[in-house]
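Have a look at the structure below, then the notes.
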Amino acid sequence: MTIPLVMMIMFGSAGQAGGQEGIEVENPGVAVAFGREITFSARLITPFPIRQASLLFRGVNEQATRVESLEVAADGSVRFTYDVSQNVFPPFSWVVFWFQATLENGSIATSAPIQFQYKDDRFPWRQISRENITVNWHAGDDAFGAAALDAATAGLRGMSDFIPVASNEPIQIYIYSNTSDLRDTLLTGSAGWVGGHAHPELGVVLVAILPGASQFVEMETAIPHELAHVMLYRALGDQYEKQPAWLVEGIASMVELYPNPEYARALELAGANNSLIPMRDLCASFPIDSGSAFLAYAQSQSFVTYIRNSFGTSGLARLTGAYGEGFDCELGATQALGIPLSQLDLRWRETALGQNVTGVAFRNLLPFLLLLMVVLVVPLWGAIDMLRQRRKRDNQSR
Ligand SMILES: [Zn+2]
């Protein structure tokens with residue numbers, strides 16, 4: 001059994017906020033037992049005695065603030081322990097807290113906010129950096145960290161064709177040595193097969209890679225994939241959340257430097273069994289069970305690659321633009337590419353997976369057939385019309 005480390009963060013006394021009615025916070029402290037609890041402590045100094053006091057806190061990227069009532073000791077000391085075993089705060093995210101109190105004179109006083117980072121300090125992280133990228137790892141030698149940094153750099157270079165890669169904002173990559181340590185950091189209820197995770201709004205990437213023979217393949221797969229999530233988020237901002245899952249995961253899977261050889265086999269098998277997942281079912285989220293999820297990644301990677309080959313990177317950009325504007329999954333494709341998602345799905349199955357070849361031949365011919373109709377029928381119609389007009393004139397002249 002390992003005894004969890006408790007990290008104690010001490011701050012200088014926070015200054016007074018809100019003028020003379022503010023709360024001065026003496027000896028504020030935060031003790032983090034990662035994945036278990038956070039204990040806040042401080043001594044509150046107020047101009048009047050405290051009638052009731054609360055601790056307020058939230059992740060810096062969260063909208064909702066948690067409010068907890070405090071028991072205040074005679075000397076103003078307060079202490080509150082918050083259960084974080086459900087991983088409500090992402091690892092390495094920043095949390096802000098402050099105090100508020102109703103005083104005996106009826107006024108409400110507030111302290112200045114204090115921030116701390118909720119670090120996963122269960123492991124002795126080592127670091128290596130290049131430009132804005134920092135790799136943190138704890139298992140494996142120096143070469144392991146350097147190889148991971150190379151995979152990150154190569155991944156960013158590879159995706160820069162179709163994702164704007166900002167090089168100034170920092171990116172932190174944390175490499176766990178196994179999926180179970182990584183899973184400990186994820187929201188309860190996350191799928192068991194997850195081997196990588198990005199917190200795009202934090203610029204934090206988490207991957208699980210065991211040092212050993214397969215480390216390079218895993219680095220070149222997982223690191224670019226998760227970095228793509230961060231870069232897409234940075235490029236799209238608020239519009240990132242509006243993108244269909246198949247599009248985001250498809251792009252992220254497409255930038256993996258080492259294409260997963262199992263994807264082609266999964267697609268072939270599902271195609272033969274008629275068990276491909278309709279792309280519209282991959283709009284909101286991916287399946288939880290590992291087999292279906294694997295197929296969902298394989299399909300999305302192939303589908304997005306097909307779109308890029310057919311419509312170019314500008315087509316992909318129009319797609320993210322349309323979905324960002326709020327078009328639904330089916331019509332975003334119509335808006336961006338002129339074909340609804342369901343039709344695009346059929347074309348992809350036919351073109352990329354070789355299903356129902358006659359159908360695709362007909363559909364590819366369809367524009368020409370329509371053109372032929374226009375070329376042949378319209379003049380014919382015109383000729384008939386002219387004849388009619390002439391006959392009408394003849395009749396009138398009679
Ligand atoms: Zn992903």
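Just so it is clear, the values below take in all heavy atoms, side chains as well, and ignore hydrogens, waters and symmetry mates. When a residue number appears, it is its place in the shown sequence, counting from 1.
- Pairs engaging residues 105-164 under the disulfide (SG to SG under 2.5 Å) rule: none recorded [sequence neighbours left out].
- Ring centroid separation for the pair Y82 and F40 does not come in under the 6.0 Å cut-off.
- Outside the 6.0 Å centre-distance limit, the rings of F89 and W94 are not counted as a close aromatic pair.
- We find that D120 and R122 are joined by a salt bridge, their nearest charged nitrogen and carboxylate oxygen being less than 4.0 Å apart.
- Within the structure, salt bridge (Lys or Arg N to Asp or Glu O under 4.0 Å) contacts touching residues 159-176 (residues at least two apart or in different chains) are E169-R234.
- Note that the NZ atom of K242 and the OH atom of Y323 stand 14.0 Å from one another [nearest 0.5 Å].
- Applying the disulfide (SG to SG under 2.5 Å) test to pairs two or more places apart or on separate chains, those with a residue in residues 273-345 are C283-C329.
- Between D83 and R36 there is no salt bridge, since none of the side-chain N atoms of the basic residue sits less than 4.0 Å from a carboxylate O of the acidic one.
- Of all the heavy atoms in L319 and A333, the pair that sits closest is CD2-CA, 3.8 Å.
- Listed by first then second residue, pairs satisfying side-chain hydrogen bond (donor to acceptor under 3.5 Å, both in side chains) with a partner in residues 257-284 number zero, not counting sequence neighbours.
- Among residue pairs with one or both ends in residues 146-159, those qualifying as side-chain hydrogen bond (donor to acceptor under 3.5 Å, both in side chains) are R130-D150, R130-T153; sequence neighbours excluded.
- I307 and F327 fall into different hydrophobic clusters, where Ile, Leu, Val, Met, Phe, Trp and Tyr residues are linked whenever their side-chain heavy atoms come under 4.5 Å apart, directly or through other members.
- Residues Y174 and F123 keep their aromatic ring centres 6.0 Å or farther apart.
- Surrounding CD of Q115 are more than 12 heavy atoms belonging to other residues, nucleotides or ligands, all under 6.0 Å away.
- Scored by the salt bridge (Lys or Arg N to Asp or Glu O under 4.0 Å) test, D142 finds R126 as partners (sequence neighbours excluded).
- Counting heavy atoms of neighbouring residues, nucleotides and ligands inside a 6.0 Å radius, atom CD of Q127 exceeds 12 of them.
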